[in-house]
Amino acid sequence: MSNYVSHPGSVVRYVDAPNLSISAAGITFAYRDIGPRTGVPLILLNHWAAVLDNFDPRIVDGLATRHRVIAIDYQGIGASSGKAPVTVGEMARDTIALVAALGFEKIDLLGFSLGGFVAQEIALKAPGLVRKLILTGTGPAGGEGIEKVGPVSWPLMIKGLLTLRDPKFYLFFTSTANGRRAAKAFLARLKERKADRDKAATPAALLRQLKAIKSWGQQAPQDLGSIRIPVLIANGDNDIMVPTANSADMARRIPGAQLVIYEDAGHGGIFQYHADFVLKALSFLDA
């Protein structure tokens, strides 16, 4: 299932990709850019408190075998300037401005968790911009349990501190043997880049993003039926951060959406099953 790794395409691996920056809407955005320079570029939007080094290099490299892949830092996160927005709408506007600055008229979007909120907002606010949409570990505005991300996360973040583990070990994966193995492997992959690593998100930025997440969870539902582009939705069957029921809800509401649910997997299901996810995502993008 992992033969995509050796597929020709991306010359530079994600762990070796240079840190780049570009100005848009008065902000200097940090990003990394790998893969072939043909076709529609794929923009990656990541989770709460994530910086460039939190994108799974196996997924980025796998997608970059056939697509130009651009991972970005939101405003006020990592090496990007400014102050982290407190609404998903602001993050979407930032991303649209960044895409324009990069000179793209059409993009594909892959959003994970908070990034999936932003990706939905972009697809709704700038429908002509997005060709295909991949939503992972995420949910709709007003979705079940999304406003409780903070209360769910804080105890497990404290547990991470007490056990000297990255909180994602507990937040993104199940407590089964399979989940624990996948968590260790994923966290090891995030440490593969040794030089020119991104700046960690500050506590202030983390809290501002949490406000945006809570606001999204309390927001009125959006008309997902107006999304008339191909959509792939993926999650684990036991997501404690953005409950898995939200993935099924989005799949029902978005016309023609494809739904993939990974067994014995949590919020980070696409990381646990990264080889299978890359194959499914490539098939979706290339169809």
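All residue numbers in this chain count up from 1 along the given sequence.
- Not counting sequence neighbours, the partners of Asn19 by the side-chain hydrogen bond (donor to acceptor under 3.5 Å, both in side chains) test are Arg32.
- For residues 180-205, the set of pairs meeting the ring-ring contact (aromatic ring centres under 6.0 Å, His included) definition, not counting sequence neighbours, comprises Phe173-Phe186, Phe186-Phe271.
- Leu63 and Val40 are members of different hydrophobic clusters when ILVMFWY side chains are connected at heavy-atom separations under 4.5 Å.
- In this structure, Arg180 contributes its side chain and Thr174 its backbone to a donor-acceptor pair below 3.5 Å.
- Partners of Arg68 according to the side-chain hydrogen bond (donor to acceptor under 3.5 Å, both in side chains) rule, which considers only residues two or more places apart in sequence or in another chain, are Asp33.
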*Residues Arg58, Glu192; criterion salt bridge (charged side-chain N to carboxylate O under 4.0 Å, His left out); working and verdict*: CA-CA 11 Å; Arg58 295 299 179 279; Glu192 289 175 351; 2.6 Å; yes
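- When the side chains of ILVMFWY residues are joined at heavy-atom separations under 4.5 Å, either directly or via intervening members, Ile70 and Val15 end up in two distinct hydrophobic clusters.
- Taken from OG in Ser153 to CD1 in Ile158, the straight-line distance is 11.0 Å, to the nearest 0.5 Å.
- Expressed to the nearest 0.5 Å, how far CD1 of Ile77 lies from CG of Asn46 amounts to 10.5 Å.
- A 4.5 Å side-chain heavy-atom check between Met157 and Leu171 finds at least one atom pair inside the cut-off.
- Atom NZ of Lys184 is surrounded by 12 or fewer heavy atoms from other residues, nucleotides or ligands within 6.0 Å.
- Residue pairs meeting the ring-ring contact (aromatic ring centres under 6.0 Å, His included) criterion with at least one partner in residues 227-256, sequence neighbours excluded, are absent.
- Between the CD1 atom of Ile146 and the CD atom of Gln218 there is a distance of 11.0 Å, given to the nearest 0.5 Å.
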*Show your working on side-chain contact (heavy atoms from CB on, under 4.5 Å) between Ile22 and Leu20 and close with a plain yes or no.*
CA-CA 7 Å; Ile22 191 168; Leu20 305 172; over 6 Å; no
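- Here the side chain of Thr136 pairs no donor or acceptor atom with the backbone of Ile233 at under 3.5 angstrom.
- Not counting sequence neighbours, Asp239 has no partner by the salt bridge (charged side-chain N to carboxylate O under 4.0 Å, His left out) test.
- Not a single salt bridge (charged side-chain N to carboxylate O under 4.0 Å, His left out) links Arg228 to another residue, sequence neighbours left out.
- In terms of the salt bridge (charged side-chain N to carboxylate O under 4.0 Å, His left out) criterion, Glu144 has no residue partners (sequence neighbours excluded).
- Under a 3.5 Å cut-off, the side chain of Asp73 and the backbone N or O of Ala79 do form a donor-acceptor pair.
- Remark: the backbone N or O of Lys132 is paired with a side-chain donor or acceptor of Asp108 at under 3.5 angstrom.
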*Test Met250 against Gln120 for side-chain contact (heavy atoms from CB on, under 4.5 Å), laying out the working first.*
CA-CA 10 Å; Met250 291 189 300; Gln120 289 173 71; 3.7 Å; yes
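- A donor-acceptor pair under 3.5 Å links the side-chain atoms of Ser81 to the main chain of Thr28, judged by distance alone.
- Panel note: side chain Lys106, backbone Gly128; a donor-acceptor pair is recorded below 3.5 Å.
- With sequence neighbours excluded, no residue forms a salt bridge (charged side-chain N to carboxylate O under 4.0 Å, His left out) with Asp223.
- Partners of Glu147 under the side-chain hydrogen bond (donor to acceptor under 3.5 Å, both in side chains) rule, at least two apart in sequence or in another chain, do not exist in this structure.
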*Would you check, one step at a time, whether the test side-chain contact (heavy atoms from CB on, under 4.5 Å) holds for Met91 with Gln209?*
CA-CA 10 Å; Met91 295 181 208; Gln209 284 194 330; 4.3 Å; yes
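- For the atom pair CD (Glu121) and OG1 (Thr87), the distance works out to 8.0 Å, reported to the nearest 0.5 Å.
- When the shell of 6.0 Å around CD of Glu263 is examined, it contains 12 or fewer heavy atoms from other residues, nucleotides or ligands.
- Annotation: ring-ring contact (aromatic ring centres under 6.0 Å, His included) contacts involving residues 207-235, sequence neighbours excluded, comprise Phe117-Trp216.
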*Report the C-alpha distance between Lys280 and Gln258 in whole Å, list the side-chain angles of each, state the deciding distance to 0.1 Å, and finish with yes or no for side-chain contact (heavy atoms from CB on, under 4.5 Å).*
CA-CA 10 Å; Lys280 283 185 168 60; Gln258 301 176 38; over 6 Å; no
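- Distance check, rounded to the nearest 0.5 Å: CG of Leu45 to CZ of Phe112 gives 12.5 Å.
- Sorted pairs that involve residues 53-83 and meet ring-ring contact (aromatic ring centres under 6.0 Å, His included), not counting sequence neighbours, are lacking altogether.
- One distance of note links CG of Asp276 with NE2 of His274; it measures 10.5 Å at 0.5 Å rounding.
- Judged by distance alone, the side chains of Asp264 and Asn178 do bring a donor and an acceptor atom under 3.5 Å apart.
- Within 6.0 Å of atom NZ in Lys199, 12 or fewer heavy atoms from other residues, nucleotides or ligands are found, so the atom counts as exposed in its surroundings.
- Cluster membership check: Leu210 does not share its hydrophobic cluster with Val86, using side-chain heavy-atom separations under 4.5 Å among Ile, Leu, Val, Met, Phe, Trp and Tyr.
- Under the 3.5 Å distance criterion, the side-chain polar atoms of Ser247 are left unmatched by any main-chain donor or acceptor of Ala234.
- Scored by the side-chain hydrogen bond (donor to acceptor under 3.5 Å, both in side chains) test, Asp237 finds no partners at all (sequence neighbours excluded).
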